[in-house]
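Working notes, structure below.
Remember, it's a predicted structure, so these values are computed and weren't measured experimentally. Chain naming here is simple, since letters A, B, ... match the order of the sequence lines and numbering starts at 1 in each.
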Amino acid sequence: MNNHAEIRLSGSGGQGLLLAGVILAEAAIMDDKIAIQTQSYGPEARGGASKAEVIIANDVIDFPKVTSPDLVLALTQVASDKYSKSVNDKGILVIDDEVVLDDKYEYGKIVKVPIINTAVEKVGKSIVANIVAIGVIVELTKLVSRESVEKAVLARVPKGTEDLNKKALAEGYLLAQSVI
Amino acid sequence: MSKKIKLMQGNEACVEAALMAGMRFYAGYPITPSTELAELSALHLPYYGGKFIQMEDEIAGIAAAIGGSLAGLKSMTATSGPGFSLKQENIGYAAIAEIPLVIVNVQRGGPSTGLPTSPAQGDVMQAKWGTHGDHPVIALSPDSVTETFNLTIRAFNLAEKYRTPVILLTDEVVGHMREKIEIPAQEDIEIYDRVKPKENEEYVPFKTEEGEIVPRMANFGEGHRYHVTGLFHDESGFPSNSSENAEVMLDHLMNKIDNNLDDIIDYEEYMMDDAEFLIVSYGSTARTVRSAIKALRAEGIKAGMFRAITLWPSPEEKLAEISKKFDKILVAEMNLGQYVQEVQRIVKSNSEVYHIGRANGEVTTPSEIVNKVKEVL
């Protein structure tokens, strides 16, 4: 996965998945990797399932779209129903623990962790679920360094929320460690 | 100012480049997927002493940009789909009145309001023939965020140098994707400014001085009094109905481009050294082609790509020469067959020309191109 990783982040509009995609791509660039971020763009971004995609690679990325994701994140049931089965055989599916998977499909390696609940209960704000999710993904995949992702998060979040977001990242790392 | 490394959208890079190229006036009417161009111009222009105006519609948007340029400010407008259709008459006006202007068209699915949020490359022929009558056209097609930056600078320089509207023909994929870009320092960017008349010069507004390419351009409203019209006009700028004059003037309009093709035309040859099969492409589709070529080569099929960077004027001489080496050429583009016609015209009987493309808002994937190449071979 580390030479060319395709990531699909899905959930509902407003969960900050586009921002999560941008943060992952910016962290990759800080690590001197190549990254491309694209998003679904249209009415579906306003309600229903929305997605943001990132490719992180060590070499040139030609075709910019994600075709066979190595990691799929699904934060909601609707997003999971639409995108979870797109993860490739050797990939990782990260789902919120509220999500129920249809067992007629294959999903690669499933990582089911309480992302939204951790944001609410441990960090104190549901709005940082996207940052918790980044923590989970970074710890699971090591695609970008912790140092760069923290820098990228702090560069993008509103002033005054730095500690909250650092805590969210740290909780994400812990969630991932609990399943590794 | 030093180099900056950033993650940026194509549309953002376009505005960044326009400001560095000297854009100081933007007039337009926001339309998906070009809206970021209007938003970011509105946000940044005031810090550069520039002006942004949102007009009542697309036609007024380009008209105001023409006015801004005539008054002496490098001007840009941006649009997509139906907006590009609406701008056509004024593109012709800028062409005949020789007004430098950059028009960005972030292509989306058409016809009509079509597919507002989906990519397409369906305006290639419209970029050349959309406005009526014979006229010069320069259209540039970037395939990445970095190239969007570079070609935006180039679009301003060509517009100023040749006193002509220049179309940056990008698409939703390149416009909205984010990738790494290294923004050069201002002092490392080559900027061309229009030639203006000297203060005490007896000004003949549409007379080209010996050894120059186009007439010198006075800021309208500053000292030199002159007339500007969409009618054929003589050197004085006043209308003339004479066919002799019309011929002289049209020759001038066409020749300023045709006699400088080496300066204007740009293309890329990708893995062509040992290529046995040729794919012609441009814009975001060229990225799909690169992926496909790598996959084909992994299977022992030596494919290469000729990528047109200036779509218009087309890289005719080079493509004609290359085509002699290939029995078969595949043209990949996001439409049902447009630039393929230009390629057929250029390569004549040298090669059989095939086409792959669709116009349903979905991009062609590398594996589809791989399969098409195998089918054609």
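- Within a 6.0 Å sphere centred on NZ of B:Lys302, heavy atoms belonging to other residues, nucleotides or ligands number 12 at most.
- Looking at B:Val173, only its side chain comes within 4.5 Å of chain A, counting heavy atoms on both sides.
- Open room surrounds NZ on A:Lys122; 12 or fewer heavy atoms of other groups in view lie less than 6.0 Å from it.
- Looking at A:Val54, neither its backbone nor its side chain comes within 4.5 Å of chain B, counting heavy atoms on both sides.
- Interface remark: B:Val289 contributes no atoms to any contact with chain A (heavy atom separation under 4.5 Å).
- Residue pairs meeting the salt bridge (Lys or Arg N to Asp or Glu O under 4.0 Å) criterion with at least one member in residues 162-175 of chain A, sequence neighbours excluded, are A:Lys167-A:Glu171.
- Atom CE of A:Met30 is separated from atom NZ of B:Lys180 by 12.0 Å, given to the nearest 0.5 angstrom.
- Nearest heavy-atom pair across A:Phe63 and B:Thr288 is CD1-OG1, 3.5 Å.
- The local environment of CG in A:Asp89 is sparse, with at most 12 non-hydrogen atoms from other residues, nucleotides or ligands closer than 6.0 Å.
- Put simply, the side chain of B:Arg178 reaches to within 4.5 Å of the side chain of A:Leu18, judged on heavy atoms.
- If you take CD on A:Glu26 and NZ on B:Lys6, they are separated by 9.5 Å, rounding to the nearest 0.5 Å.
- Contact between A:Val22 and B:Leu7 at its shortest, heavy atoms only, is O-CD2, 3.7 Å.
- Among residue pairs with one or both ends in residues 61-70 of chain A, those qualifying as salt bridge (Lys or Arg N to Asp or Glu O under 4.0 Å) are A:Asp62-B:Lys294; sequence neighbours excluded.
- In this structure, B:Gln9 and A:Gln39 approach most closely via the heavy-atom pair NE2-OE1, 4.1 Å.
- The CE atom of B:Met177 sits 11.0 Å away from the CD atom of A:Gln37 when rounded to the nearest 0.5 Å.
- Within 6.0 Å of the CD atom in B:Glu269, the count of heavy atoms belonging to other residues, nucleotides or ligands exceeds 12.
- Within 6.0 Å of the CG atom in B:Asp273, the count of heavy atoms belonging to other residues, nucleotides or ligands does not exceed 12.
- Residue-environment remark: CZ (B:Phe326) exceeds the threshold of 12 foreign heavy atoms within 6.0 Å.
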Taking it one step at a time, do A:Ile36 and B:Arg287 satisfy side-chain contact (heavy atoms from CB on, under 4.5 Å)? CA-CA 13 Å; A:Ile36 282 196; B:Arg287 302 180 72 111; 3.1 Å; yes
